[in-house]
Amino acid sequence: MGKKLFIAEKPSVAQEFARVLHVRGRRGDGFIESEDSVVTWCVGHLITMSYPEVYDPAYKKWAFETLPFLPETFRYEVIPDVRKQFETVKGLLNRPDVEAIYVCTDSGREGEYIYRLVDEMAQVPETKKKFRVWIDSQTEDEILRGIREAKPLSAYDNLSASAYLRAKEDYLMGINFSRALSLKYGGWLNDNVEGKKWTSVSVGRVMTCVLGMVVSREWEIRKFVKTPFYRVIGSFSPQGLSGGAGGEAGEQAGVETGESGNAFEGEWRVCEESHYFQSPKLYKENGFLDEETANALIRELKSEEREAVIESVEKKKEKKNPPLLFNLAELQNLSSKLFKISPDETLQIVQELYEKKLVTYPRTDARVLSSAVAKEITKQLKGLQGYEPALPYLREIARMKSFEKLEKTRYVDDKKITDHYAIIPTGQGLSSLKSLKPVSARMYEVIVRRFLSIFYPPAVYQKINVVLVVDNAHMHRERFHTSQKVLVEEGFLPVTKYSFTQKKEKDEEQPETNSLLPRLKKGMKCAIGGMSIKEGETSPPKRYNSGSIILAMENAGQLIEDEELRAMIKGSGIGTSATRAEILKKLFHISYLNLNKKTQIITPTLKGELVCGIVRYAIPAMLSPKLTASWEKGLTGVSEGGISEAEYMGKLTDFVSVQVGKVKGTDNKAQLRSYCNAAREYYSPGKKKEKESKA
């Protein structure tokens with residue numbers, strides 16, 4: 001009987017497979033072997049795509065005559081630094097006594113690509129049985145399940161095809177566009193970046209789009225002109241109420257009621273019956289563009305002894321559900337706020353938690369669980385009994401028996417899962433918590449609390465909206481609005497309060513004084529007290545930080561905070577959960593973007609802005625988030641079998657050919673000069689200091 005060969009992506013993962021499978025025999029150089037099994041590993045990528053000069057020495061020299069570079073057959077080669085391990089893996093794959101190969105690389109497109117390249121380069125015979133092990137965590141149960149339920153490797157051929165295409169796409173766009181733009185504009189770029197050595201114009205399918213997003217936001221901020229506006233706030237005292245303010249305590253939302261004794265505040269808003277309806281002097285619906293107009297309104301309302309009448313009192317309950325579970329983008333966004341760390345650092349930490357069996361697979365886009373996992377969710381809950389911070393919440397979950405209804409909630413949806421479900425704690429590996437760095441331990445707590453919160457009921461608020469009407473001197477009616485939101489049932493909120501921060505979330509705050517609003521009735525008359533003007537001004541768009549840029553990439557360039565809206569356009573992102581952090585890291589490394597490590601704010605460099613300008617006038621399609629997302633969606637289509645490999649490749653080569661032709665045939669240096677002058681002026685020493693202080 002032949003042996004089984006298990007090939008993992010990393011040595012640490014291979015060690016875990018060997019432990020679970022009791023492979024404790026001969027330890028070779030790059031593998032572990034027992035009587036019936038062999039375990040080996042890659043060290044990340046062992047194979048890479050060859051440079052153009054490997055195809056023909058003429059390609060070593062960058063020249064327009066050799067572009068576009070579109071090989072019919074792509075060449076690959078072993079990475080020199082890891083050749084020894086490749087030879088080990090190759091030998092094992094082709095050993096006569098190895099009957100079945102179990103591919104245990106990371107369960108995703110990149111992991112698939114890593115093995116397929118090795119298989120191709122090692123020329124493994126098709127007569128060998130090949131199986132794909134697909135797991136969501138590195139716990140013993142999950143590893144054994146993955147091996148037991150392993151499918152033939154051919155079941156993942158579409159995923160493999162999309163992986164090859166993604167690499168070819170990045171390769172062709174990177175080589176052709178970087179060479180074409182460097183030949184055309186490289187000298188100009190280096191002439192305008194003072195004191196720098198000559199560098200090429202580096203562009204990429206996803207990288208350049210992200211650069212464009214940051215530069216575009218920077219120019220929006222730069223061109224922004226503040227607009228002052230003036231709001232009118234009235235003070236009202238209800239008649240017929242005796243004693244001090246009473247009612248329920250709660251959080252203030254919208255306009256603060258600002259009670260003093262029996263008075264509360266309301267904000268003026270325009271309505272169809274207003275003297276100022278459709279006035280050009282308005283700023284939105286609740287302010288004026290000049291202070292004099294605001295004063296005029298006050299004079300109109302105070303010209304005689306007038307009363308305000310409560311036109312409506314609307315009371316309704318609102319529920320706030322626990323948030324969806326973490327995918328990698330959501331965790332990276334929150335970590336940038338909580339820990340001030342970059343997406344790359346977040347990925348490293350959660351990968352460590354995964355390899356220590358503490359959490360499930362991190363490179364996921366899903367924020368829900370599968371129905372299969374939901375049926376056995378008690379395993380995770382029982383395992384977490386060894387995690388002290390979780391104990392009070394686990395007792396409450398057991399009392400409520402809410403885990404029995406999990407499958408029917410919004411946190412379980414097989415249709416919203418492609419490769420992996422959301423990141424959750426496994427309930428195992430708790431002994432390794434003591435060896436974690438503080439930030440890693442805190443991230444684990446964040447993941448655990450998010451997981452436990454889905455078993456709790458929603459937070460419930462009592463919301464009160466009050467509208468007052470006042471007749472003015474011009475026989476018009478003016479309306480004032482006030483509101484408050486009172487937390488009446490905490491629901492899941494206590495679960496999400498982290499032990500390592502004392503900062504109170506808005507949902508958990510309570511005002512120090514009681515409110516009049518719950519006691520107000522429709523038709524009640526109110527005396528008008530003082531009226532004041534509150535001045536404000538418009539704010540420029542916010543710069544991206546390392547978390548918000550990840551969310552924007554996930555949502556095709558849109559910074560969508562609402563999780564339900566994000567779910568609607570899932571699959572339309574720029575890059576993938578596995579690649580976004582690395583793309584940002586490269587942009588920082590090549591000095592196109594700057595990252596303020598203290599605030600995690602991202603800003604472009606002069607060099608980055610100039611490269612963005614070159615692309616803007618030469619290959620503008622590269623800056624379109626929607627177009628870039630469409631390429632990613634196309635790759636998903638290939639992996640799902642809806643788009644053929646040949647169809648996708650045809651569109652890719654056509655796109656590259658057309659864009660290179662445009663670069664060759666146009667000269668936009670005049671436009672670039674104007675763009676450059678504006679950018680350079682902003683990066684003058686004084687302006688640069690001002691910019692950095694704002695960041």
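These numbers come from a predicted model, not from an experiment.
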- Task: Could you name each residue pair satisfying salt bridge (charged side-chain N to carboxylate O under 4.0 Å, His left out) that touches residues 419-428, not counting sequence neighbours?
- Result: none
- Query: Could you give all pairs that pass the side chain to side chain donor-acceptor pair (under 3.5 Å) test and reach residues 66-77, with sequence neighbours left out?
  - Reply: Ser50-Glu77
- In chain order, what residues pass the side-chain hydrogen bond (donor to acceptor under 3.5 Å, both in side chains) check against Lys356, with sequence neighbours excluded? none
- Of all pairs that satisfy salt bridge (charged side-chain N to carboxylate O under 4.0 Å, His left out), the ones with a partner from residues 165-175, not counting sequence neighbours: Glu110-Arg166, Arg166-Asp170, Glu169-Arg205, Asp170-Arg205
Atom pairs and distances, donor-acceptor, side-chain atoms in residues 374-381, under 3.5 Å, two or more places apart:
| residue | atom | partner | partner atom | Å |
| --- | --- | --- | --- | --- |
| Glu376 | OE1 | Lys379 | NZ | 3.3 |

- Note on the structure: Contacts satisfying salt bridge (charged side-chain N to carboxylate O under 4.0 Å, His left out) that involve residues 151-162 (not counting sequence neighbours) are Arg116-Asp157
- What residues form a ring-ring contact (aromatic ring centres under 6.0 Å, His included) with Phe17, not counting sequence neighbours? none
- Message: Applying side chain to side chain contact (heavy atoms under 4.5 Å, CB included), can you list everything that pairs with Pro11, at least two apart in sequence or on another chain?
- Response: Trp41, Val43
- Item | Residues in side-chain hydrogen bond (donor to acceptor under 3.5 Å, both in side chains) contact with Glu407, at least two apart in sequence or another chain | none
- Query: With sequence neighbours excluded, what pairs up with Ser342 under the side-chain hydrogen bond (donor to acceptor under 3.5 Å, both in side chains) test?
  - Reply: Glu345
- salt bridge (charged side-chain N to carboxylate O under 4.0 Å, His left out): pairs with one or both residues in residues 639-649, sequence neighbours excluded: Glu647-Lys651
- By side-chain hydrogen bond (donor to acceptor under 3.5 Å, both in side chains) - contacts of Ser137 (at least two apart): Thr139
